Amino acid sequence: MVCLKDPLVQKVSDLCEKISRLDSLKPSKDVDTLFTHLVLTCMPPYPIDVTKLCEKIQEMRSNLIRLCGEAEGLLEKHFSTILGSFDNPLDHLEIFPYFSNYLKLSRLEYNILSQHCSDVPSRVAFLGSGPLPLTSIVLASYHMTSTAFHNYDIDPSANSMASRLVESDPDLSKRMLFHTTDVMSVTDAFKDYDVVFLAALVGMDKEEKIGVIEHLVKYMKPGALLMLRSAHGARAFLYPVVDPCDLRGFEVLTVFHPTDEVINSVVIARKSLDLPTHSIDHGFINGSLMISCKCAEIQAFNPLNQMNMIEELAMEDHLS
């Protein structure tokens with residue numbers, strides 16, 4: 001068992017304790033300093049398997065992921081409020097301190113998606129879009145310029161803030177739609193989408209995440225693509241992990257673990273073509289367990305071979 005004797009685990013545990021003692025997780029000097037230190041601690045490659053953590057550290061990790069999620073939500077609300085005060089919010093996205101990371105992550109996801117999708121999707125869903133839907137905005141603006149983006153969030157205030165960011169843009173205001181609902185209550189509407197993006201913090205632990213995935217495989221149309229964000233190594237202290245073999249009813253196509261400042265891993269999977277919609281009940285079909293994931297056959301795909309993500313992005317020049 002990996003426990004407190006591990007120097008990285010000890011450092012992460014100390015930071016978690018300090019973060020837990022904060023009066024508020026709203027953006028401030030103390031909050032920014034602690035979370036920056038945490039991210040920098042977890043970013044370098046580190047040979048750790050979070051499934052082998054002892055119970056005490058597992059509890060700490062679960063608590064830390066929830067703290068990170070809360071802080072991330074407050075950070076996005078803070079900057080969405082600021083951006084919403086401008087006449088043309090999309091002209092000022094670079095004020096968000098992690099905007100360059102979203103540019104890289106969105107480009108990474110689009111490159112991976114392009115390997116498995118011959119045509120540009122006409123309709124996609126983004127689940128857990130939040131008050132600052134940067135992934136949808138970047139993809140819609142630079143990569144999928146004719147695609148309709150249906151953004152789902154359970155928080156009405158988040159959707160209100162998000163829609164304010166695009167309402168002044170004549171193109172995006174027509175192609176960016178916002179739905180206030182729990183994704184677990186969405187059913188037949190999922191059949192309308194060619195691609196479904198699942199945000200990293202929709203399903204804060206393994207059980208919740210698997211529940212969302214099981215719901216999606218019931219209602220997504222056969223052949224549709226599911227794009228998920230996961231985490232690998234020490235980065236799993238920041239975000240939930242999606243194991244490819246958790247994707248029952250899907251064929252896992254690509255798993256990619258970045259090693260730069262893009263924190264999230266990317267997983268793309270296809271809804272099984274031979275699986276009728278509504279036929280799954282908690283992973284069982286006609287009483288038999290179906291696992292379409294081929295863990296040993298996942299492609300060793302590196303999107304960096306297709307496009308150097310370290311080079312300066314042309315879109316950044318456009319925004320400056």
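Scope of the values below: all heavy atoms of this structure, side chains included, with no hydrogens, waters or symmetry mates. For clarity, every value in this text was computed on a predicted model and none was experimentally measured. Along the sequence shown, residues carry numbers from 1.
When each of E72, E59, E208 is paired with R66, the salt bridge (Lys or Arg N to Asp or Glu O under 4.0 Å) condition holds for E208 and for no other.
With values rounded to the nearest 0.5 angstrom, F197 atom CZ is found 9.0 Å from L225 atom CG. Atom-to-atom distance recorded for F250:CZ and C245:SG is 14.0 Å, nearest 0.5 angstrom. The CG atom of D6 sits 13.0 Å away from atom NZ of K52, with the distance rounded to the nearest 0.5 Å. Distance check, rounded to the nearest 0.5 Å: OH of Y142 to CZ of R107 gives 12.0 Å. To the nearest 0.5 Å, atoms CD (E109) and NE2 (H143) are separated by 10.0 Å.
Using a 4.5 Å cut-off on side-chain heavy atoms (C-beta onward), L38 and L64 make contact. Taking 4.5 Å as the limit, some side-chain heavy atom of H78 sits within range of a side-chain heavy atom of I82. Contact check for V31 versus L74: no side-chain heavy atoms found under the 4.5 Å cut-off. Looking only at side-chain heavy atoms (C-beta outward), M60 and L53 stay at 4.5 Å or farther from each other. Two residues are said to be in side-chain contact when any heavy atoms from C-beta on lie closer than 4.5 Å; V138 and L93 fail this criterion. Taking the side chain as every heavy atom from C-beta outward, V9 and I48 approach each other to under 4.5 Å. For the pair L8/F237, a side-chain contact is recorded, criterion being any heavy-atom separation below 4.5 Å from C-beta on. Side-chain contact between D87 and S168: absent, with no pair of heavy atoms (C-beta onward) separated by less than 4.5 Å.
K209 places a side-chain N or O within 3.5 Å of a backbone atom of A200 that can act as its donor or acceptor partner. Side chain of E76 to backbone of P133: no donor-acceptor contact under 3.5 angstrom is found. Under a 3.5 Å cut-off, the side chain of R235 and the backbone N or O of M43 do form a donor-acceptor pair. No donor-acceptor pair under 3.5 Å is formed between the side chain of H232 and the backbone N or O of P45. With hydrogens and angles ignored, the 3.5 Å screen pairs no side-chain donor or acceptor of S230 with any backbone N or O of V241.
A continuous path of hydrophobic side-chain contacts links V217 to M184 [ILVMFWY only; heavy atoms under 4.5 Å].
Between E167 and R164, at least one side-chain nitrogen of the basic residue sits less than 4.0 Å from a carboxylate oxygen of the acidic one, meeting the salt-bridge criterion. Ion pairing between a basic and an acidic side chain is recognised when a charged N comes within 4.0 Å of a carboxylate O; K77 and D155 show such pairing. A salt bridge links D246 with K206: the distance from a Lys NZ or Arg NE/NH1/NH2 to an Asp or Glu carboxylate oxygen falls below 4.0 Å. Between R21 and E17 a salt bridge is recorded (basic side-chain N to carboxylate O distance below 4.0 Å).
Heavy-atom minimum distance, D32 versus T36: O-OG1, 2.7 Å.
For the salt bridge (Lys or Arg N to Asp or Glu O under 4.0 Å) test, no residue two or more places apart in sequence or in another chain qualifies with R61. With sequence neighbours excluded, the residues satisfying salt bridge (Lys or Arg N to Asp or Glu O under 4.0 Å) with D194 are K221. Evaluation of the side chain to side chain donor-acceptor pair (under 3.5 Å) rule for H179 yields H150 as partners, not counting sequence neighbours. Applying the salt bridge (Lys or Arg N to Asp or Glu O under 4.0 Å) rule to D14 yields no partners; only residues at least two apart in sequence or on another chain are considered. The side chain to side chain contact (heavy atoms under 4.5 Å, CB included) check on S163 picks up F178, with sequence neighbours excluded.
Using cut-offs of 30° and 60° for the angle between ring planes, the Y193 and Y152 rings count as perpendicular. Classified by interplanar angle (parallel below 30°, tilted 30° to 60°, perpendicular above 60°), the ring pair F96/Y98 is perpendicular.
The ring-ring contact (aromatic ring centres under 6.0 Å, His included) analysis of residues 157-176, with sequence neighbours excluded, yields no pairs.
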task = For I65 and M204, run side chain to side chain contact (heavy atoms under 4.5 Å, CB included): C-alpha distance rounded to whole Å, both residues' side-chain angles, the deciding distance at 0.1 Å, then the answer.
result = CA-CA 7 Å; I65 288 173; M204 295 291 287; 4.1 Å; yes

Y110 and S114: CA distance, side-chain angles, deciding distance, side chain to side chain contact (heavy atoms under 4.5 Å, CB included) verdict = CA-CA 6 Å; Y110 177 72; S114 298; 3.5 Å; yes

request  = In sequence, state the C-alpha distance, the side-chain angles, and the governing distance for D91 and F86, and then conclude on side chain to side chain contact (heavy atoms under 4.5 Å, CB included).
outcome  = CA-CA 9 Å; D91 293 339; F86 292 105; over 6 Å; no

key: side chain to side chain contact (heavy atoms under 4.5 Å, CB included) between C68 and Y239, intermediate numbers included   = CA-CA 8 Å; C68 289; Y239 290 101; over 6 Å; no

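A donor-acceptor contact closer than 3.5 angstrom links the side chains of H116 and T254.
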